[in-house]
Protein chains: 2
Amino acid sequence: MKAPSTPLMGYAILGLIQQKPSSGYDLRKIFAETAMGNYSSSPGAIYPALERLEAKRLIRGEVTESMGLRRRKAYRLTARGEAELKQWLSRPIVPNDVMRGAGELMLRFAFMEQVLGSSVASDFLVQFSAALKAYIPALESCLLNNAPHRSLSARLALECGIRGYQSLQEWTQYAIRQYRKSQTNQTSRPAQSR
Amino acid sequence: MKAPSTPLMGYAILGLIQQKPSSGYDLRKIFAETAMGNYSSSPGAIYPALERLEAKRLIRGEVTESMGLRRRKAYRLTARGEAELKQWLSRPIVPNDVMRGAGELMLRFAFMEQVLGSSVASDFLVQFSAALKAYIPALESCLLNNAPHRSLSARLALECGIRGYQSLQEWTQYAIRQYRKSQTNQTSRPAQSR
DNA sequence: TCCACCATGTAACTGGTTACATGATTAC
DNA sequence: GTAATCATGTAACCAGTTACATGGTGGA
C-alpha cells in the first residue's frame with residue numbers, strides 16, 4: 001500500500017527540466033554551483049536518477065551529436081512527466097511537511113509559479129503560513145515543558161529551531177505581500193512555457 | 001582514502017546515550033516525540049545503527065531482565081565511544097558544514113556543553129558566527145547575479161534561504177550573549193557526567 | 001481471555017556515496 | 001601532444017524505508 005513515489009531529488013530534476021531541457025551534466029552544474037546545492041551533484045546520483053525517471057516515462061532523453069559538438073544527452077519532460085510534476089506541486093500541505101523541515105515545500109514553491117501560475121503560488125503561501133502558525137506553538141511548549149534542561153547549549157539549540165520556523169513564518173508574510181504588490185501591476189496568467 | 005565515518009544518526013545516538021544509557025526503544029521515543037524528530041525513529045533504522053555502533057565498540061549493551069520487568073537492552077558508551085564523541089564534537093567548522101545546512105553543527109552544539117564544557121561551546125558559537133558571516137554574502141550575490149529570475153516564487157525561495165541563514169546568524173549572537181550572562185553567574189566547569 | 005502496548009528485531013527494496021573508468025573536444 | 005574540461009557512465013558499499021515477525025506484560 002505504498003505509492004511508488006519519486007524521491008525528492010527526482011522532483012527537483014523534473015522541475016529543472018521543465019524550466020529548460022537539460023543534460024545530466026547541466027543538472028550537475030546547477031546542483032553544484034547554485035543555491036540548489038543541498039541536492040547531490042555526484043554522477044552516481046544524477047545519472048541513475050535520470051534513468052529511473054526515463055524508465056517511468058516521465059522524461060525522455062535524446063542525444064545531440066550534431067556537428068563536432070560533444071556528445072550530449074538532453075532530457076525533456078514527457079506529457080506524463082508534466083502531469084506528475086503538476087500533481088506533486090498541487091498536493092495540499094500536510095503537517096508532516098512542516099515538521100520534517102520545510103525543504104520539500106520550498107522546492108515545490110520555487111517551481112510552482114512557472115508551472116501552475118502566480119495565483120496558485122500565492123494560495124500556497126497562505127496555506128504554508130497557516131501550517132506554520134499551527135506548528136510553532138507546539139515547539140514553544142516543548143521548550144517550556146523541558147524547563148529543567150540538560151544544558152544551556154541544548155536549550156539554545158532548541159530555541160534555534162524555533163527561531164528558524166519563526167523566520168520562515170515572517171518570510172511567508174513578506175512573500176504574500178510581494179505577491180499582492182505584483183498582482184496590482186500585472187494580471188495573473190497561467191505561466192506559459194515559451 | 002575515506003574515514004570509516006559514523007553517519008550523523010550514529011552521532012545522535014552516541015550523544016543521547018552519553019546523556020543517559022538508553023535502549024533502542026528509548027531512542028525511538030526520543031526521535032519520535034521530541035524536537036530530534038528529524039532523525040528516523042523507525043526500528044529498521046535504530047536497531048541496525050545500534051548494532052553497528054556496538055560492532056565498532058563505541059557502545060555496549062546489556063540486557064536488564066531483573067524481576068518481572070520487560071526485557072530491555074540498555075546501551076552505554078564505552079571509553080572508545082566517548083573518545084569518538086569528543087573527537088566529533090571537537091572538529092573545527094569547515095565551510096562545507098555551513099553550506100550543507102547547519103543540521104550537523106546544531107546537533108554537535110546541543111551535546112557540546114555536557115561533554116566538553118561551556119567554554120568550548122561558547123568558542124564554538126564564535127566560530128559558527130564567523131563562518132556564517134563569511135557565507136551569507138555569497139548567497140546574497142547569488143541573488144543579485146540571478147537578477148532576471150524565472151519567476152517571483154523562485155526568487156522568493158532563494159530569499160527564504162538567505163533569511164534562514166541570517167536568522168541563524170542572529171541566533172549565534174543571541175546565544176553568545178546568553179553564555180556571557182551565564183559566565184558572570186557561575187564559573188565555567190568541564191561538566192562532569194554525574 | 002483478549003487487547004493494547006512494550007520491546008526487539010528482520011528482510012527486501014531503494015537510493016545516495018565514493019571512487020573509478022572512458023572517451024571526446026578544446027586550448028596551449 | 002598533452003593537459004584541462006566536457007560528458008556520461010558503472011560498481012561496491014552503506015544506510016534508511018516500509019512492512020512484517022515475535023513475544024512478553026499489564027489491565028479490562
Side-chain angles (χ1 to χ4, degrees), chain A residues 1-14 21-33 36-56 58-59 61-75 96 100-101 103-104, chain B residues 1-14 21-33 36-56 58-59 61-75 96 100-101 103-104:
Chain A
M1 186 79 71
K2 189 198 129 196
S5 70
T6 305
L8 200 48
M9 184 172 173
Y11 287 114
I13 291 176
L14 287 183
S22 304
S23 66
Y25 194 78
D26 294 337
L27 295 171
R28 289 190 64 191
K29 271 191 301 187
I30 290 171
F31 291 140
E33 293 164 13
M36 314 237 349
N38 35 328
Y39 301 96
S40 168
S41 68
S42 79
I46 286 184
Y47 292 106
L50 287 170
E51 282 165 21
R52 284 193 298 270
L53 292 172
E54 192 167 30
K56 286 198 219 164
L58 301 179
I59 61 178
E62 42 190 315
V63 283
T64 335
E65 291 221 56
S66 57
M67 46 166 194
L69 264 66
R70 289 187 181 88
R71 180 170 106 94
R72 192 188 133 85
K73 200 159 150 189
Y75 290 89
N96 203 312
R100 282 282 195 136
E104 178 164 0
Chain B
M1 184 81 71
K2 189 199 128 193
S5 69
T6 306
L8 200 48
M9 184 172 173
Y11 288 114
I13 291 175
L14 287 183
S22 305
S23 67
Y25 195 76
D26 293 338
L27 296 171
R28 287 191 65 192
K29 270 192 302 188
I30 291 171
F31 290 140
E33 293 164 12
M36 314 237 347
N38 35 330
Y39 301 95
S40 168
S41 68
S42 79
I46 287 183
Y47 292 106
L50 287 169
E51 281 165 19
R52 284 193 298 270
L53 292 172
E54 192 167 30
K56 286 198 218 166
L58 301 179
I59 61 179
E62 42 190 317
V63 284
T64 334
E65 292 222 56
S66 57
M67 48 167 193
L69 265 67
R70 289 189 182 86
R71 182 169 107 93
R72 191 187 135 85
K73 200 159 151 190
Y75 290 90
N96 202 312
R100 282 281 195 134
E104 177 163 1

Between [X] ([atom1]) and [N] ([atom2]), how many Å, whole number?
X	N	atom1	atom2	result
A:Ile46	D:dG9	CD1	P	12 Å
B:Leu8	D:dC14	CG	P	18 Å
A:Leu53	C:dG16	CG	C1'	15 Å
B:Glu51	C:dT8	CD	C1'	10 Å
B:Asn38	D:dT17	CG	P	12 Å
B:Arg71	D:dA21	CZ	P	19 Å
A:Phe31	D:dT8	CZ	C1'	16 Å
B:Tyr11	D:dG16	OH	P	13 Å

Does OP1 or OP2 of [N] have a side-chain N or O of [X] closer than 4.0 Å?
X	N	result
B:Tyr25	C:dT8	no
B:Lys73	C:dG9	yes
A:Ser42	C:dG16	no
B:Arg52	D:dG16	yes

So do [Y] and [X] actually touch side chain to side chain, heavy atoms under 4.5 Å?
X	Y	answer
B:Arg52	B:Thr6	no
B:Ile13	B:Phe31	yes
A:Tyr39	A:Leu27	no

Taken to the nearest 0.5 Å, the spacing of A:Arg28 CZ from A:Ser22 OG works out to 14.0 Å
**Request:** Give, for atom CZ of B:Arg72 and atom CD of B:Glu62, the distance between the pair rounded to the nearest 0.5 Å.
**Result:**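 These two atoms lie 11.0 Å from each other.
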From the set [options], return the single nucleotide nearest to any side-chain atom of [X].
X	options	result
B:Tyr47	D:dG16, D:dT8, C:dA7	C:dA7
A:Ser40	C:dT17, C:dT10, C:dG15	C:dT17
B:Ala45	C:dG16, D:dT8, D:dT17	D:dT17

Which part of the nucleic acid, if any, lies within contact of [X], taking any heavy atom under 4.0 Å across all strands shown: a base, the sugar-phosphate backbone alone, or nothing?
X	result
B:Pro43	base
B:Gly44	base
A:Arg28	base

